[in-house]
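Predicted, not measured: the structure shown is a model, and the values here were computed from it.
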Amino acid sequence: MDRRYLTDVAPLAGHILQVDFVSGARLLLDMKPHLDSIRFRSLKRPEVWKSAETNGVFVRFGSVELSHDELMTMAEQGRRAF
């Protein structure tokens, strides 16, 4: 079974991650609140941040990996903050 949720990912200025979904939806996820955590600290380095890629299910920045479900959870948490 070939599951694909994501079509493209782009690391934008200001640590905003643009994620495009197969549905045509686009998510702009502010990663700044997460950059001080051990898991995401390496994303502060420009070369790591710019390395974002997707295989359709995960977003990868070298060894840092985010699943489609995790991206959605992070987006929901960010929305509650407003």
Side-chain angles (χ1 to χ4, degrees):
M1 183 168 147
D2 185 31
R3 296 179 321 195
R4 288 185 53 85
Y5 306 105
L6 313 173
T7 58
D8 197 21
V9 62
L12 305 178
H15 287 96
I16 303 296
L17 184 64
Q18 177 181 303
V19 182
D20 294 333
F21 294 85
V22 296
S23 67
R26 174 172 282 172
L27 170 66
L28 295 174
L29 182 62
D30 185 357
M31 292 295 293
K32 287 185 293 297
H34 307 283
L35 296 180
D36 286 328
S37 70
I38 292 171
R39 180 174 176 203
F40 297 117
R41 190 172 296 149
S42 67
L43 301 184
K44 289 181 178 182
R45 296 188 353 244
E47 67 274 12
V48 176
W49 176 248
K50 292 176 186 175
S51 73
E53 61 184 10
T54 185
N55 66 357
V57 179
F58 295 94
V59 172
R60 291 190 177 104
F61 300 87
S63 63
V64 176
E65 186 175 85
L66 288 156
S67 72
H68 147 265
D69 292 334
E70 216 172 353
L71 291 165
M72 297 308 294
T73 298
M74 291 169 82
E76 283 294 318
Q77 289 171 345
R79 220 181 314 201
R80 285 189 213 120
F82 294 104

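- Residues L35 and H15 meet the side-chain proximity criterion, which asks for heavy atoms closer than 4.5 Å.
- For residues 10-19, no pair satisfies salt bridge (Lys or Arg N to Asp or Glu O under 4.0 Å), with sequence neighbours left out.
- Side-chain contact check for M31 versus L12: every heavy-atom pair is 4.5 Å or farther apart.
- How far CE of M74 is from CG of D30: 9.5 Å, rounded to the nearest 0.5 Å.
- L27 has its side chain within reach of F21: a pair of non-hydrogen atoms, C-beta onward, lies under 4.5 Å apart.
- Within the model, atoms CD of E70 and CG of L29 stand 10.5 Å from one another, a figure rounded to the nearest 0.5 Å.
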For residues 57-64, which side-chain N or O atoms pair as donor and acceptor with protein atoms under 3.5 Å away, sequence neighbours left out?
unit_1: R60; atom_1: NE; unit_2: E65; atom_2: OE2; d: 2.5
unit_1: R60; atom_1: NH2; unit_2: E65; atom_2: OE2; d: 2.9

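- For residues 4-23, the salt bridge (Lys or Arg N to Asp or Glu O under 4.0 Å) pairs, not counting sequence neighbours, are D20-R26.
- Remark: R45 engages E47 in a side chain to side chain donor-acceptor pair (under 3.5 Å) (not counting sequence neighbours).
- With sequence neighbours left out, Q18 forms a side chain to side chain donor-acceptor pair (under 3.5 Å) with no residue at all.
- Taking the side chain as every heavy atom from C-beta outward, H34 and L43 never approach each other to under 4.5 Å.
- At a threshold of 4.5 Å between non-hydrogen side-chain atoms, the residues V19 and M72 do not count as touching.
- For D36, the salt bridge (Lys or Arg N to Asp or Glu O under 4.0 Å) partners are K44, not counting sequence neighbours.
- Not a single side chain to side chain contact (heavy atoms under 4.5 Å, CB included) links A13 to another residue, sequence neighbours left out.
- No donor-acceptor distance shorter than 3.5 angstrom exists from the side chain of K50 to the backbone of P11, with no hydrogens or angles considered.
- Contact of the L71 side chain with the L17 side chain is registered, since non-hydrogen atoms from C-beta on lie closer than 4.5 Å.
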